[in-house]
Amino acid sequence: FWDDPPFVLRPRPGTTEETIREKTALFSCLLDEIDFRTQVRRGLLQDMEFGTTIFKWGWESKTKTEVQYKRKTMPLKVDNQIGPPTEIPTEESDEFEKVIIEKSVEMPTFDYVDIRHVLVDPDCRVGDIRQAKWVIHVEYMNFYQLNALRDVEGYSIPSEEELKELFAPPKEQAAAPGVQEQQAALTVTQHAAPRYQTFDADPLSKTLQVLEYQDCEKVVTVLNKKKVIRNERNEFNRHTYLSCDWWDVLDSFYGIGIGRIVGQDQRVNQGVTNAALDILSLA
């Protein structure tokens, strides 16, 4: 059913309408589950403001714990001469017990990514990130997030004792952030606290830098620029990023957003207004 995954959908020849409806319902459910609409909205807002937006797609395998309630005993069944047996509830059948069930969940992922948190191959000269030879995603994770990756296939997380040593005094300092992220914290516009700063009293909530490098052949993840916690073949045979430009710029990956496009017009309008006020004042 898929043609050029993950986004172009075309039914194969001979596909019945019922199959199309079933698969459409499945895809709609998955898109709601991964909050696709919100991710696209955030990406488009970034695209309009700054001229470029980046999305990251992939596939996630995880174990999900669910709580269900089941009857302690089933209701009594009485045979009827006509029709199916009749169920008669009893005091025991009206009592329920809590059952914890673990389920294996396989589903796609699609996330908007802040362009300040992605390092794109500098030799990429078009606004399509798929043409970049490699991409690095800069993230910050605390002990609990890193420890949760222990059960994820492909990751080689240190033992809990070794991992806790990085967060216990004297604390391992997070690697220096990029220039873009530092500059954003110094602007007049109010922003959330920088990702590399921690305000939680729990020492294990302190974050360390995690760099994920991707190209068409491999995926390498490095913790705080010191320890490799993942090094494996890229199962998709391509890096898992998509991008869009608002206004393409020649020989550049990054485009121009509405802010820079209308900025010159605003200056011209302001200059004309000021000139008119000066003439009136002079008169």
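- Linking ILVMFWY side-chain heavy atoms closer than 4.5 Å, directly or via other members, places Tyr155 and Phe143 in a single hydrophobic cluster.
- In this view, Asp32 satisfies the salt bridge (charged side-chain N to carboxylate O under 4.0 Å, His left out) rule with no residue, not counting sequence neighbours.
- Take Lys133 and apply the salt bridge (charged side-chain N to carboxylate O under 4.0 Å, His left out) test, not counting sequence neighbours, and it matches Asp123.
- Between the side chain of His239 and the backbone N or O of Ala132, at least one donor-acceptor pair lies under 3.5 Å.
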If you look only at distance, which donor and acceptor atoms sit under 3.5 Å apart when one is on a side chain in residues 268-277 and the other is two or more places apart or in another chain?
from	atom 1	to	atom 2	distance (Å)
Asn269	ND2	Asp265	O	3.2
Gln270	NE2	Asn274	OD1	3.2
Thr273	OG1	Asn269	O	2.8
Asn274	ND2	Gln270	O	3.3

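- Grouped with Met74 in a hydrophobic cluster is no other residue, since no side-chain heavy-atom contact under 4.5 Å to another Ile, Leu, Val, Met, Phe, Trp or Tyr is found.
- Atom CG of residue Leu211 and atom NZ of residue Lys225 lie 6.5 Å apart, to the nearest 0.5 angstrom.
- A donor-acceptor pair under 3.5 Å is absent between the side-chain atoms of Ser243 and the main chain of Ile54, judged by distance alone.
- Note on residues 43-52: no pairs pass salt bridge (Lys or Arg N to Asp or Glu O under 4.0 Å), not counting sequence neighbours.
- With hydrogens and angles ignored, the 3.5 Å screen pairs a side-chain donor or acceptor of Thr109 with a backbone N or O of Gly58.
- Applying the salt bridge (Lys or Arg N to Asp or Glu O under 4.0 Å) test to pairs two or more places apart or on separate chains, those with a residue in residues 210-224 are Lys56-Glu212, Glu212-Arg230, Asp215-Lys218.
- Applying the salt bridge (Lys or Arg N to Asp or Glu O under 4.0 Å) test to pairs two or more places apart or on separate chains, those with a residue in residues 244-261 are Arg125-Asp251.
- Evaluation of the side chain to side chain donor-acceptor pair (under 3.5 Å) rule for Trp247 yields no partner, not counting sequence neighbours.
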Just distance, no hydrogens or angles: give the donor-acceptor pairs under 3.5 Å from side chains in residues 63-72, sequence neighbours left out.
from	atom 1	to	atom 2	distance (Å)
Glu66	OE1	Lys103	NZ	3.1
Arg71	NH1	Ser93	O	2.6

Result block: side-chain N/O donor-acceptor pairs under 3.5 angstrom for residues 34-45, not counting sequence neighbours:
from	atom 1	to	atom 2	distance (Å)
Asp35	OD1	Thr38	OG1	2.9
Asp35	OD2	Thr38	OG1	3.4
Gln39	OE1	Tyr112	N	2.8

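- Other residues, nucleotides and ligands contribute only 12 or fewer heavy atoms inside 6.0 Å of the CD atom of Glu17.
- Residue Val219 is not grouped with residue Tyr241 when hydrophobic side chains (ILVMFWY) are merged at heavy-atom distances under 4.5 angstrom, including chains of intermediate members.
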Return a table of donor-acceptor pairs under 3.5 angstrom between the side chains of residues 145-153 and protein atoms on other chains or two or more places apart.
from	atom 1	to	atom 2	distance (Å)
Gln145	OE1	Asn142	N	2.9
Asn147	OD1	Arg150	NE	3.0
Asn147	OD1	Arg150	NH2	2.5
Asn147	ND2	Glu160	OE2	3.4
Arg150	NH1	Ile157	O	3.4
Arg150	NH1	Pro158	O	2.7
Arg150	NH2	Pro158	O	3.0

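- More than 12 heavy atoms of other residues, nucleotides or ligands lie within 6.0 Å of CD in Glu60, so this atom counts as buried by the packing criterion.
- Side chain of Gln46 to backbone of Ile115: a donor-acceptor contact under 3.5 angstrom is found.
- For Asn224 (side chain) and Gln209 (main-chain N/O), a donor-acceptor pair under 3.5 Å exists by modelled atom type.
- In terms of the side chain to side chain donor-acceptor pair (under 3.5 Å) criterion, residue partners of Thr240 (sequence neighbours excluded) are, by chain and number, Gln214.
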